Protein chains: 2
Amino acid sequence: MIEKNTELKIIEAARKVFLVRGYSGARMQDIADEAGINKAMLHYYFRNKDKLFESIFSESVNNIRDIFSQSLNSEKEIDNTLINFIATYSEFIKNNRYLPSFIINEMQQGSEMVEDLFKKNIKMYPIEFIKKLKKEQSLGTLEKYDPLQIIVSIIGLCLFPVLAQPVLKILFDYDDNKYDKFLTERVAFLQKFIIKGLKK
Amino acid sequence: MIEKNTELKIIEAARKVFLVRGYSGARMQDIADEAGINKAMLHYYFRNKDKLFESIFSESVNNIRDIFSQSLNSEKEIDNTLINFIATYSEFIKNNRYLPSFIINEMQQGSEMVEDLFKKNIKMYPIEFIKKLKKEQSLGTLEKYDPLQIIVSIIGLCLFPVLAQPVLKILFDYDDNKYDKFLTERVAFLQKFIIKGLKK
DNA sequence: TTTGTATTCAACTATTTGGTTAAATTATTT
DNA sequence: AAATAATTTAACCAAATAGTTGAATACAAA
């Protein structure tokens, strides 16, 4: 019997394996098993490991980019922009645990191929948000910090607890439920903490 | 001629390779080349890849733990504790770029062996710092945030720009010099931003 | 010097892993 | 139904990689 969605099944399996194990840790056999197909099928649909990886990595970069620009540009006023971004971005990351560490890690390796894919797909600079910040800064409502320091801080505050989840769970002796609660509560904490830190 | 510090050379080479490439990305041959010795020497001094990895990973966890507790407990007063921690920790991380991502990544894989090594070596809970925070909170000088949220935030703010360095460099179109400047300037920014965010 | 021990290496083996192929099966078109 | 095209598989092959071995060399102690 011919399976209609073999390609989709492969993509889903590859996503699962690559995101957790990374390029060098991923095994073609594992991906085939996860997809419930024969290993040769992978090479039928995708010429080789590199090509399969490329499609997963590109897709991942696109996802991060989309949710980022989408959640950063939805509201007009700066406070609401921040509140909305923190909530939306945190939620997305929570549901896509492995996405940030996957991208960060592959980029760390410094391979030409990965860097090119990243550059090709990311195309994003938060120009509108920076304008908003600068305007508030010149009005005297926000501290005159470097906008990029601010952006890195906000993203980092959202991402880090998910990036470091396995480490922090052990450090704090939290089980899955407790850590989930920790992440949920973090949204309100961040909204208050960040705005307090930025306001003059 | 017998080389006196072969074991040390191996450790240094293994550190270099493992920290950047991770367990699965590291090649015994690369480590041997980096150390300037024969591949068989690795197995003479360390039985196998796992044993060599274990010693590097344990050492890394110990380093992180030491610098953490050391820079967190040096000062008495809360403001100075924070200012000192941010400066010391940031400086350490800047000089040990790959340490955080190495540990976080290997922990992400969820292997029994790595998790056990981590638990065995970390043994750290910032009890003194939490006491200090709670005292200030009850005095009304600090906002009544969950101490763990605070700690995760401070660490994340210091670590994230180094974790995500390759990504952020491309996003901001910064070269090595510019990014180095960004990290240097970040210390003062964080000291101000964090204290403002925490103070009532 | 001689003897024993630690160190080093080149060449080898075993295993893992990515990739190929040819044949069989299923679907689609004529 | 027959012919053609697409899909799937088992059984391979080739390359990469971890690990082994035995001989040679250097050093230290007797």
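Note that the coordinates shown come from a computational prediction; the quantities given were computed from them, not determined experimentally. The sequence lines fix the lettering, A, B, ..., with proteins before strands; numbering per chain opens at 1.
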Output a table of donor-acceptor pairs, distance under 3.5 Å, between side-chain atoms of residues 124-131 of chain B and any protein atom two or more places apart or on a different chain; print 'none' if there are none.
none

Taking CG from A:Leu42 and C1' from D:dT9, how many angstroms apart are they, rounded to a whole number?
13 Å

Listed by chain and number, what are the ring-ring contact (aromatic ring centres under 6.0 Å, His included) partners of A:Phe57, not counting sequence neighbours?
A:Phe53, A:Phe102

B:Met41 CE to C:dA10 C1': how many Å, rounded?
14 Å

Is B:Asp176 salt-bridged to B:Lys169, cutoff N-O under 4.0 Å?
yes

All salt bridge (charged side-chain N to carboxylate O under 4.0 Å, His left out) counterparts of A:Lys196, not counting sequence neighbours:
none

Mark yes or no for whether B:Asn84, through its side chain, and B:Asn80, through its backbone, hold a donor-acceptor pair below 3.5 Å.
no

Nucleotide by nucleotide, nucleotides 18-24 of chain D touches protein heavy atoms under 4.0 Å in the pattern (B base, S sugar-phosphate only, - none) BBBB---

Who passes salt bridge (charged side-chain N to carboxylate O under 4.0 Å, His left out) against B:Asp146, sequence neighbours left out?
none

Exactly one candidate in A:Lys192, A:Lys199, A:Lys132 meets salt bridge (charged side-chain N to carboxylate O under 4.0 Å, His left out) with A:Asp79; the answer is A:Lys199

Run the salt bridge (charged side-chain N to carboxylate O under 4.0 Å, His left out) check on A:Glu12 and A:Lys16 step by step: do they pass?
CA-CA 6 Å; A:Glu12 279 169 358; A:Lys16 229 176 195 169; over 6 Å; no

May I ask you to list the residues of residues 11-22 of chain A, by number, that have any heavy atom positioned under 4.0 Å from an atom of DNA chain D?
none

Rounded distance (Å) that lies between atom C1' of D:dT9 and atom OH of A:Tyr44
13 Å

